[in-house]
There are 2 protein chains.
Amino acid sequence: MPDTHDCPGCAAPDLAFAAHDHAHCSHDALERAEALTAATGARLTPVRRRALEILLEEHKALGAYDVLARLAAEGFGNQPPVAYRALEFLVEQGLAHRIQRLNAFTACVHPGEDHAPAFLICRACHTVAEAEASGARQSLEAEAARAGFQVERTTIEALGLCPNCRGQA
Amino acid sequence: MPDTHDCPGCAAPDLAFAAHDHAHCSHDALERAEALTAATGARLTPVRRRALEILLEEHKALGAYDVLARLAAEGFGNQPPVAYRALEFLVEQGLAHRIQRLNAFTACVHPGEDHAPAFLICRACHTVAEAEASGARQSLEAEAARAGFQVERTTIEALGLCPNCRGQA
DNA sequence: TCTTGACCTGTTATGATATTACATACATAG
DNA sequence: CTATGTATGTAATATCATAACAGGTCAAGA
């Protein structure tokens, strides 16, 4: 299993926006997913695995129905729960994330590493990058603590323009 | 028009979770809303004003259809766009916020003051508190800048337990 | 005054997202 | 082999959101 230094997500915070060997990038994530689920006993079944592969194809967020259409075309069930269940599993296992702002899902770029992700969503090309949010998360927790609030889950997302689309505007 | 020191939102970051004179709190927000819209020329029409009053009744987030039902019962239109348009106006004017995690809306507790809000959402009682997110937002911007990403809008939300519900668990 | 144009409200229709409930299949521990 | 838990498939429905168009109001300018 690769260590942290091999993790493309960690090595390049702007990974999603930069040209890179995406085949390697997604292959790596898939391998990690297999290792992780094997380690915890979670079952990465064919639908689930395929759903993850679909999310890994691009650094974008896909709606459940987009994923569903792809799965259905490949012979899996064609009703919404098929997609929602697979996606829910991936999110629970930390293999994918839900982007609240888009009601959509994106593959995690460094599964298995404890991380507090923030998402950078380009409104022009719809690329979604996963950035480190530990600083933001800490601030948020501190503010919450002031109000006596106990944080369980956080949503930290930014909408804007990625470096590529900025250039074109 | 009251200055910052009269603002209940600023005075108490845990306002929503604490017992307080809510009649004064919501009345105050409504007054501010009137002053603000008058100042900018925006039209706080009857539906819009009523929608804001409905949101101000509680420190919770209401779905568009909840607001719609209330409006319809009072003689306004009963089709979705009626609610969505009023809510959209309120959000644009900074009089309400959209809570992405809940697909719902909540009244702003200190309209008119430039602020970067974070939301603390209690999963037990569904109270939504507006906290200061300038620290978190700064961290997020810094991280985004590292990737060359230009932030336009942020979503910063925490789901967890409010002080009251924590005690009961 | 009349007209124009901007904006607001209402309604119909539809689209997009998500869940509940139940039936069937499949793996594996006993 | 069979009981149990878990995964998958499907039907039906609930929930959230928008497009498109019609009619109303109001104020600015011809």
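Throughout, a chain's letter reflects where its sequence line sits, starting with A, and its residues are numbered from 1. Bear in mind the structure is a predicted one, so any value in this text is a computation, not a measurement.
- Between B/Leu161 and A/Val151, the closest side-chain pair of non-hydrogen atoms is not below 4.5 Å.
- The CZ atom of A/Arg101 sits 17 Å away from the C1' atom of C/dT17 (whole-angstrom rounding).
- Residues B/Thr154 and A/Ile156 are not in side-chain contact: their nearest non-hydrogen atoms beyond the backbone lie 4.5 Å or more apart.
- In this structure, CZ of B/Phe76 is placed 15 Å from C1' of D/dG24, rounded to the nearest angstrom.
- A/Leu62 places its CG atom 15 Å from the C1' atom of C/dA16, with the value rounded to the nearest Å.
- Atom pair B/Leu71:CG and C/dT11:P shows a separation of 13 Å (rounding to whole Å applied).
- What separates CD of B/Glu88 from P of C/dC8 is a distance of 11 Å, to the nearest Å.
- For A/Phe89 and A/Gly77, each mapped to the nucleotide of DNA chain D holding its nearest heavy atom, the one lying further toward the 5' end belongs to A/Phe89.
- Applying a 4.0 Å cut-off to non-hydrogen atoms, none of the residues of residues 51-61 of chain B approaches DNA chain D.
- When side chains are defined from C-beta on, B/Leu71 counts as touching B/Arg50, because their heavy atoms get closer than 4.5 Å.
- Rounded to the nearest 0.5 Å, atoms CD (A/Glu157) and CD (B/Gln100) are 7.0 Å apart.
- If you measure from atom CD of B/Gln93 to atom P of C/dC7, you get 13 Å, rounded to the nearest angstrom.
- More than 12 heavy atoms of other residues, nucleotides or ligands lie within 6.0 Å of CD in B/Glu152, so this atom counts as buried by the packing criterion.
- In this structure, A/Leu68 atom CG and D/dT10 atom C1' are separated by 12 Å, rounded to whole Å.
- At least one side-chain heavy atom of B/Cys25 sits under 4.5 Å from a side-chain heavy atom of B/His59.
- Side-chain contact annotation: A/Glu132 with A/His115, donor-acceptor N/O pair under 3.5 Å absent.
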Can you build the contact string for nucleotides 18-30 of chain C? Use B for base contact, S for sugar-phosphate-only contact, and - for no protein heavy atom under 4.0 Å.
BBB----------
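- For the side chain to side chain contact (heavy atoms under 4.5 Å, CB included) with B/Val128, the lone residue among B/Val109, B/Ile99, B/Leu120 that qualifies is B/Ile99.
- Here the OH-CD distance, from B/Tyr84 to B/Gln79, works out to 12.5 Å after rounding to the nearest 0.5 Å.
- Taking atom CG of B/Leu87 as the reference point, atom P of D/dT18 lies 11 Å away to the nearest angstrom.
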